[in-house]
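For the numbers below, each heavy atom of this structure counts, side chains included, while hydrogens, waters and symmetry mates do not. Just so it is clear, the model here is predicted, and its values are computed rather than measured.
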Amino acid sequence: MEEKIRVSKLLSELGLCSRREADSYIEQGLVTVDGEIVNELGSRAFRHQKIELQSGAKAQQVSRITVILNKPVGFISHYDDEQEYQPAASLITPDNYFASPLDKGRNPRFNTRGLAPAGRLDIDSTGMLVLTQDGRIAKLLIGENSPIEKEYLVRVEGALSFEDLDRLKHGLELDGVVLKPAQVSWQNEDQLRFVLREGRKRQIRRMCEMVGLRVLGLKRVRMGRVSLGALPPGKWRFVRPEEQF
C-alpha cells in the first residue's frame, strides 16, 4: 500500500527547493498539492500527486544570490565553531567584489544572510568556491547523487607509472568505499588534471598519496559548466542568470 510522504521531502526530491526552504514556503501558504494550498508543517502527500510552488515562492528564489569566490590558502570553507580560522564567506565584501560589465549594475552590497558554501575546499587548497542562498543550487552541487563535475589542477612531486595513473582513474578506495571513476591526465610535466563527480574529505590528496605522489598545490577551476576563469585570488563575482551549472 502506497504511503504518504512529507511534502517538504517531495519538493526536495523534485529539485524545486531544499527541505528547509520547503518548510518556509509551506508556512507561507506558497505550496499546493493537486491545486490545494497546504500550510501545515509536516503535511504529507502521495508521490503521484501534483506538487507545485506558487509564484511567490518562485519570486523568492529568483532574489536569492549565488557567488563564486577564488578562495586563497588559509581560509576554510565552513564556519569554525572555535573561530580558529577565518571562513571563506568573510571575503564576500564590497571591497573584494570583482566587477564585470556583464553584472549590469548589480549591487555588491547585498544581504549575505543564508549565504553558505556549496561544497568544501581544504584550508591549503585554492580556487573556485560557490556560495549560495539557493537550496536548489546547493543540492545540485553537493547532493549525494550530484551529476556535477568538479575539475582540479594539482601540482605534484614524485614519479607516476602508467599503472598508477590508471589506478587514479579507477581502482582506489577510501574509508572502505570504492571511488567513482575519475578523469586524470597530465596537464604539464608537474601538474595533473582531475575531474571528479564526488568530493570526499581531502580526496585528491589522499588518492595521490596512495600512488606515491606528494601534492604541492591544488586548485579547483570548474564546477559543472561554470569556470573560475580570470577571477583573481580573494575576489568574488556574481553567478549570472544565464550561467547554468
Between K219 and S125: side-chain donor-acceptor atoms closer than 3.5 Å: no
Charged N-O contact under 4.0 Å between K180 and E198: no
Salt bridge (charged side-chain N to carboxylate O under 4.0 Å, His left out) assessment of R200 paired with D175: CA-CA 10 Å; R200 297 185 175 276; D175 306 320; 5.3 Å; no
E151 and R193 ion-paired at < 4.0 Å: yes
Test side-chain contact (heavy atoms from CB on, under 4.5 Å) applied to V226 and M128, step by step: CA-CA 10 Å; V226 181; M128 185 173 178; 3.8 Å; yes
Side-chain donor-acceptor pair present, R20, S8, cut-off under 3.5 Å: no
Taking only distance into account, with no hydrogens and no angle test, what donor-acceptor pairs under 3.5 Å do side-chain atoms of residues 164-171 form with protein atoms, sequence neighbours excluded?
{"unit_1": "D164", "atom_1": "OD1", "unit_2": "R167", "atom_2": "NH1", "d": "3.1"}

Stacked cation flag R106 on F238, 6.0 angstrom / 45 deg: yes
Residues T32 and Q54: side-chain donor-acceptor under 3.5 angstrom: yes
Salt bridge (Lys or Arg N to Asp or Glu O under 4.0 Å), paired with E149, selected from R225, R197, R220: R197
Exceeds 12 heavy-atom contacts within 6.0 angstrom, atom CD of E3: no
Check: W236 ring centre within less than 6.0 Å of Y97 ring centre: yes
